[in-house]
Amino acid sequence: MNSPAICLPTTVATLYSDHHSWLKGWLQRRLGNAEQAADLAHDTFIRLLSSERVPVTLKEPRAFLTTVAQHLVSNHWRREKLEKAYLDALAQVPEQHAHSPEDRAILLETLVELDRLLDGLPAIVRRAFLLSQLEGQTHAEVAAALDISIPSVKRYILKALQRCYFADLSVA
């Protein structure tokens, strides 16, 4: 089905009225959960409203919405995987060392944000950064664990730190 081209400034409103139900159904088929599908459909349109990169003309609005929504689905699945790993790690902590529910929520949000900030970096850069910053390993220990040189470890950690720092500046 060919949809007519849609132009700004009503692009997002028109996309919503014409395609919200379809997008929610598309997401529900992929996720198998109506509530999550509704949330991600909502998040898709919120993302479009806050973006300056919505094309002036869309010849294939459903393809455009699918691309945006698929990115959000990937983030959703990555967050679920991260949350499961975090909860599994918490289950291993002796009760006397367990964090309060508030602290756990803050730690999980921090891990999710860190994951978002490091997304797109090469795996070895992320791994070097995490070994250093989260596991407290020295540069020499990271170098040995990853079978790379200490200067490479320093370069990788710097690259990850720059990503975190400059991402923070773009939010401010």
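Just so you know, residue 1 is the first one in the sequence shown, and it goes up from there.
- Distance check: Cys164 SG to Glu113 CD gives 8.5 Å after rounding to the nearest 0.5 Å.
- Leu158 and Val153 are assigned to two separate hydrophobic clusters, defined by single-linkage of ILVMFWY side chains at heavy-atom distances under 4.5 Å.
- When all heavy atoms of Ala69 and Leu27 are compared, the pair lying nearest together is CB-CD2, 4.0 Å.
- Applying the salt bridge (charged side-chain N to carboxylate O under 4.0 Å, His left out) definition to pairs two or more places apart or across chains, those involving residues 96-111 are Arg79-Glu109.
- Contact check for Pro61 versus His19: side-chain heavy atoms found under the 4.5 Å cut-off.
- At least one side-chain heavy atom of Arg163 sits under 4.5 Å from a side-chain heavy atom of Leu121.
- Between the OG1 atom of Thr44 and the CG atom of Leu72 there is a distance of 4.5 Å, given to the nearest 0.5 Å.
- For the salt bridge (charged side-chain N to carboxylate O under 4.0 Å, His left out) test, residues two or more places apart in sequence or in another chain that qualify with Asp88 are Lys84.
- A search for salt bridge (charged side-chain N to carboxylate O under 4.0 Å, His left out) contacts involving Asp119 returns Arg78, not counting sequence neighbours.
- With rounding to the nearest 0.5 angstrom, the CG atom of Leu130 is 9.0 Å from the CG atom of Asp115.
- The shortest distance between side-chain heavy atoms of Ile157 and His139 falls below 4.5 Å.
- Using a distance-only test at 3.5 Å, with no hydrogens or angles considered, a donor-acceptor pair links the side chain of Thr110 to the main chain of Ile106.
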Q: Verify side chain to side chain contact (heavy atoms under 4.5 Å, CB included) between Leu131 and Leu146, making sure each step is shown before the conclusion.
A: CA-CA 10 Å; Leu131 288 172; Leu146 299 178; 4.1 Å; yes
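- Between Leu118 and Val125, the closest side-chain pair of non-hydrogen atoms is not below 4.5 Å.
- With a 4.5 Å cut-off on side-chain heavy atoms, Leu65 and Leu48 count as touching.
- With sequence neighbours excluded, the residues that form a ring pair (Phe, Tyr, Trp, His ring centres under 6.0 Å) with His20 are Tyr16, Phe45.
- Applying the salt bridge (charged side-chain N to carboxylate O under 4.0 Å, His left out) test to Glu35 and every residue at least two apart in sequence or in another chain returns nothing.
- For the pair Leu134 and Leu114, the tightest heavy-atom approach, listed with the atom from each and the gap, is CD1-CD2, 4.2 Å.
- The shortest side-chain heavy-atom distance between Thr66 and Trp22 falls under the 4.5 Å cut-off.
- Here the NZ atom belonging to Lys24 is positioned 12.0 Å from the NE2 atom belonging to His42, to the nearest 0.5 angstrom.
- Checked against side chain to side chain donor-acceptor pair (under 3.5 Å), Ser152 has the following partners two or more places apart in sequence or in another chain: Ser149, Arg155.
- The CG atom of Leu117 lies 8.5 Å from the CZ atom of Phe129; values are rounded to the nearest 0.5 Å.
- Nearest heavy-atom pair, Ala41 versus Leu23, reported as atom, atom and distance to 0.1 Å: CA-CD2, 4.1 Å.
- Between Gln28 and Asn33 the shortest side-chain heavy-atom distance does not fall below 4.5 Å.
- If you take CD on Gln70 and CG on Asn75, they are separated by 10.0 Å, rounding to the nearest 0.5 Å.
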Q: Apply side chain to side chain contact (heavy atoms under 4.5 Å, CB included) to Val142 and Tyr156, showing your working.
A: CA-CA 11 Å; Val142 173; Tyr156 294 162; over 6 Å; no
